[in-house]
Undergrad: 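Take this structure, written in structure tokens, and hold onto it; I'll ask about it next.
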Amino acid sequence: MPFLDLAAQQAEITDEVLPVWQKQFTSAAFIGGSEVAAFEDEFATYLGVDHVVGVGNGTDALELAYRAVGIGPGDEVIIPANTFIATAEAVTRIGAVPVLVDVDEHLLLDVSAVAAAITDRTRAVVPVHLYGQTADVRALETIAAQHDLVIVEDAAQAQGASSTDGHAGAMTRIAATSFYPGKNLGAAGDAGAVMTNDDDAASFVRSYAAHGSTVKYVHDRAGANSRLDALQAPVLRAKLRRLDKWNSARRTAAERYESLLAGFSGVRLPVPRPGNEDVWHLYVIQVDDRDRVLTDLTTAGIGAAIHYPVPLHLTPAYAHLGYRRGEFPVAEAAAQTILSLPMFPHITHDQQEMVAAGLAKSLGGAS
Ligand SMILES: Cc1ncc(COP(=O)(O)O)c(C=O)c1O
């Protein structure tokens, strides 16, 4: 019972993708081209944004989005303590400083903690739409307007998620996403994108990601090489056509877990934020004695994982930021109890029952 099985997704799209790959291969259309442009247009239409700029991966997408809104060396960027390290890496790669805040009961950025983290160097705040949920962008907007901050969404884990604020990745001036293969909209390799309604930001990202040029060998600035691989575009186009169907299958699977695990003493089920249309990138329960439960599941051949075992402020890579244990109690406590169960669109009822049985055995029987 794998944690993530992408084989069924690949099988569904094989007949659409292979002929396009063959054409790209024989015509050597590897960089840019009509497939990339078509995917960017289709994803922009799906999200309802003016521009999608495909780039090399989600970390680059975040870095490019930060750069596009003018964040630079010495600026402070507020991010949640519970997120994948890339949210912070993209900040430090441009010489800016990640300023961490705790998370709320949904393990999303705690908006009520943001104001206290603002200094005169703060330029941006990053709501991370973690686990397939959407963070509370509307509540952030008031604070951002008061302090002249840019909101940059990290939508890597939430393709297709929405709330009353709109689609994840389309709620604010600029957003970044990842198409890492395991994401809800995943490529067959690394890929990412920046989404924005800001024409200047879109032009900046497109040129910066192409060595700072819009005309070949004319470089307005020293940029980077981070383009969406043309071979990924047909995969993303085929998967985008199925994204809503697959997200709805994830919702059904989440409901099944909810009924299978109801009444398991010691298991705390995820509670989506009100108004949030969760796309269940991950199904994260909380259990005491989590490490033993994880070992039991692994021994029983059931894939499970932890997202994330160490909050950013306790990660060796960011020790130099000077945070101490105890500063972000919700993130720290969650890191001891969170457990991600297998979740993917084609997971079967039998597989979910196997997960529930494994959990019951580990917990000493369910009531
Ligand atoms: C929340 C979050 N942000 C950023 C990233 C970075 O994306 P990538 O792995 O494509 O660089 C990821 C992906 O793993 C992620 O989960």
Side-chain angles (χ1 to χ4, degrees), residues 3-4 6 39 43 52-67 71 77-94 96 98 100-101 103 106-109 124-135 137 151-161 168-169 171-172 174-195 205 209 224-229 231-233 235-236 239 250 276 278-284 305-312 315 317-318 331 334-335 338 340 343-344:
F3 176 65
L4 174 65
L6 296 177
F39 170 68
F43 197 40
V52 167
V53 183
V55 299
N57 57 67
T59 313
D60 285 359
L62 278 166
E63 178 186 332
L64 289 159
Y66 296 156
R67 286 186 186 278
I71 299 165
V77 178
I78 296 175
I79 65 172
N82 180 43
T83 180
F84 182 56
I85 192 170
T87 316
E89 283 174 316
V91 175
T92 48
R93 269 165 47 169
I94 59 176
L100 307 183
V101 296
V103 289
H106 309 289
L107 306 183
L108 298 165
L109 178 82
V125 55
V126 185
V128 180
H129 301 304
L130 205 66
Y131 306 154
Q133 315 171 81
T134 64
V137 167
I151 303 176
V152 181
E153 291 169 71
D154 181 341
Q157 297 192 7
Q159 292 100 4
M171 295 177 181
T172 63
I174 197 156
T177 200
S178 162
F179 304 123
Y180 181 80
K183 300 298 192 222
N184 288 38
L185 179 58
D190 277 314
V194 175
M195 292 79 76
V205 172
N225 177 6
S226 185
R227 295 169 291 223
L228 177 67
D229 179 352
L231 296 181
Q232 301 307 332
V235 177
L236 291 168
K239 289 194 177 180
R250 286 173 185 270
N276 171 56
D278 200 315
V279 291
W280 300 102
H281 174 59
L282 296 170
Y283 191 86
V284 180
I306 305 170
H307 299 89
Y308 295 91
V310 184
L312 282 185
T315 299
Y318 286 114
I338 47 178
S340 307
M343 170 55 82
F344 45 91

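What you are looking at is a predicted structure, and each value in this text was computed from that prediction instead of being measured. Both ligands and their constituent atoms are indexed starting at 1 by order of listing.
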Undergrad: Between His281 and Asn184, is any pair of side-chain heavy atoms under 4.5 Å apart?
TA: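 Side-chain contact under 4.5 Å: yes.
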
Undergrad: Using side-chain heavy atoms (C-beta onward) and a distance below 4.5 Å, is Phe43 in contact with Leu185?
TA: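 In contact.
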
Undergrad: Would you indicate whether the side-chain heavy atoms of Thr92 and Pro98 approach each other to under 4.5 Å?
TA: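 When only atoms from C-beta onward are counted, Thr92 and Pro98 do touch, with a gap below 4.5 Å.
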
Undergrad: Measuring from Leu107:CG to Tyr308:OH, what's the distance to the nearest 0.5 Å?
TA: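 Between Leu107 CG and Tyr308 OH, I get 11.5 Å after rounding to 0.5 Å.
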
Undergrad: Should the pair Asp60-Arg93 be classified as a salt bridge under the 4.0 Å nitrogen-to-oxygen rule?
TA: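 Between Arg93 and Asp60 there is a salt bridge, with a charged N closer than 4.0 Å to a carboxylate O.
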
Undergrad: One line per pair, note the atom names and distance for all nitrogen or oxygen contacts under 3.5 Å between ligand 1 and the protein.
TA:
{"unit_1": "ligand 1", "atom_1": "3 (N)", "unit_2": "Asp154", "atom_2": "OD1", "d": "3.2"}
{"unit_1": "ligand 1", "atom_1": "3 (N)", "unit_2": "Asp154", "atom_2": "OD2", "d": "2.8"}
{"unit_1": "ligand 1", "atom_1": "7 (O)", "unit_2": "Ser178", "atom_2": "OG", "d": "3.3"}
{"unit_1": "ligand 1", "atom_1": "10 (O)", "unit_2": "Gly58", "atom_2": "N", "d": "2.7"}
{"unit_1": "ligand 1", "atom_1": "10 (O)", "unit_2": "Ser178", "atom_2": "OG", "d": "2.7"}
{"unit_1": "ligand 1", "atom_1": "11 (O)", "unit_2": "Gly58", "atom_2": "N", "d": "3.3"}
{"unit_1": "ligand 1", "atom_1": "11 (O)", "unit_2": "Thr59", "atom_2": "N", "d": "2.8"}
{"unit_1": "ligand 1", "atom_1": "11 (O)", "unit_2": "Thr59", "atom_2": "OG1", "d": "2.5"}
{"unit_1": "ligand 1", "atom_1": "14 (O)", "unit_2": "Lys183", "atom_2": "NZ", "d": "2.9"}
{"unit_1": "ligand 1", "atom_1": "16 (O)", "unit_2": "Gln157", "atom_2": "NE2", "d": "2.9"}
{"unit_1": "ligand 1", "atom_1": "16 (O)", "unit_2": "Lys183", "atom_2": "NZ", "d": "3.1"}

Undergrad: Do Phe39 and Phe179 make the cut of ring centroids closer than 6.0 angstrom?
TA: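 Between Phe179 and Phe39, which both carry aromatic rings, the centre distance is below 6.0 Å.
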
